[in-house]
Amino acid sequence: MFILRSQKLWTVVMILVMSSRVTHSLHFDLHSGRTKCIAEDIKSNSMTVGKYSVDNPHEGHDLPQSHKISVKVTSSSGNAYHHADQVASGQFAFSAVEAGDYMACFSAVDHKPEVTLSIDFEWRTGVQSKSWATVAKKSQVETMEFDVKSLLDTVNSIHEEMFYLREREEEMQDLNRSTNTKMAWLSLLSLFVCIGVAAMQYVHLKTFFEKKKVI
């Protein structure tokens, strides 16, 4: 799940929710002196990659210093996985050690007069995060080989998901067996209690009638 939060240096919060586990392409505006954060819920041991760039308002010229941004990617526990200061573009890639929300925050320098930056951001998680075409280009691997690698990666992802579902099923079965065992012992205990109460009533009534010389 994707969440977009906008914060001024003091207080402004805005939330945007998007679906996860696919390629997310965002285009948003960022004003001077403000920060916007994007959060992605990532499973442990999942690969994730992202790339970002600031649109140049003056094509053919260098990007003004007022349009540079600082980017920081952190986990829910505060561990930093990427940090860049005063850049026009960049990218990050890492394997999530812990499950939870990972936050990518974009900050613009305070500038007078205020300017508006347009930012393109793409974040991929899971199988979608691996660009085998890029790998092939760098290592000059044959097209057939990296197609097979991509297919194997997809199969491994499905295999891991099946193992996860199987573990959940085993947990539910263990819970059912434990509950059934407890219910059986409770039923047996209830039976003994009922037998005990009936025996006590029998003894009490017998004693009562003997005292009254009824029997």
Compare every heavy atom of A39 with every heavy atom of M103, then report the nearest pair and how far apart it is.
SD-CB, 3.6 Å
Indicate yes or no for a side-chain donor-acceptor contact from K36 to the backbone of D29 under 3.5 Å, with no hydrogens or angles considered.
yes
Spacing of R34 atom CZ and E114 atom CD [to the nearest 0.5 Å]:
5.5 Å
When rounded to the nearest 0.5 angstrom, what is the spacing between NZ in K51 and CG in D120?
10.0 Å
Quick one: closest heavy-atom pair of Q86 and S70, and the distance?
N-OG, 3.5 Å
Within a reach of under 6.0 Å around NZ of K68, are more than 12 heavy atoms found that belong to other residues, nucleotides or ligands?
yes
N/O donor to acceptor pairs below 3.5 angstrom from side-chain atoms of residues 165-172, sequence neighbours left out:
{"unit_1": "R168", "atom_1": "NH1", "unit_2": "E171", "atom_2": "OE1", "d": "3.3"}

Say whether, by atom type as modelled, one donor and one acceptor occur between the side chain of T179 and the main chain of L175 under 3.5 angstrom.
yes
Side-chain heavy atoms under 4.5 angstrom apart, residues restricted to Ile, Leu, Val, Met, Phe, Trp, Tyr: same cluster for V197 and L189?
yes
Residue pair F28 / I38, side-chain heavy-atom distance below 4.5 Å:
yes
T181 side, atom OG1; L186 side, atom CG - distance, nearest 0.5 Å
12.5 Å
Between L30 and V109, is there shared hydrophobic-cluster membership here, with clusters defined by ILVMFWY side-chain heavy atoms closer than 4.5 Å?
no
Would you say that H82 contacts V71 through its side chain, given a criterion of any heavy-atom pair below 4.5 Å between the two side chains?
yes
Is it the case that the side chains of S77 and E98 hold a donor-acceptor pair, with the cut-off being a distance below 3.5 Å and no angle test?
yes
Measuring from M183:CE to S190:OG, what's the distance to the nearest 0.5 Å?
8.5 Å
Residue pair T125 / E40, side-chain heavy-atom distance below 4.5 Å
yes
Run the side chain to side chain contact (heavy atoms under 4.5 Å, CB included) test against A96 and tell me which residues pass, sequence neighbours left out.
I42, Y102
Shared hydrophobic cluster, F106 / V87 (ILVMFWY, side-chain heavy atoms < 4.5 Å)
yes
F192 with W185, same ILVMFWY side-chain cluster at under 4.5 Å:
yes
Checking side-chain polar atoms at under 3.5 Å, does S32 have a donor or acceptor matched by the opposite partner on D110?
no
Scan side-chain atoms only and decide if S107 and T35 contain a donor-acceptor pair under the 3.5 Å cut-off.
yes
Look at the aromatic rings of W123 and F121 and report parallel, tilted or perpendicular, splitting at 30° and 60°.
tilted
Rounded to the nearest 0.5 Å, how far apart are CG of D55 and OG of S53?
6.0 Å
Sidechain-backbone polar pair: H111 side chain, P113 backbone, donor-acceptor under 3.5 Å
yes
Among residues at least two apart in sequence or on other chains, which ones pass ring-ring contact (aromatic ring centres under 6.0 Å, His included) with H27?
none
To the closest 0.5 Å, what do you measure between OG (S89) and CD1 (I69)?
8.5 Å
Looking only at heavy atoms, which two atoms of F94 and M47 are closest? And how far apart?
O-SD, 3.5 Å
State, to 0.1 Å, how close G100 and D41 come at their nearest heavy-atom pair, and which atoms those are.
O-OD1, 3.4 Å
Is a side-chain donor or acceptor of S44 paired with a backbone partner of V97 at a separation under 3.5 angstrom?
no
Minimal non-hydrogen separation, T48 against R124, with atom names
OG1-O, 3.0 Å
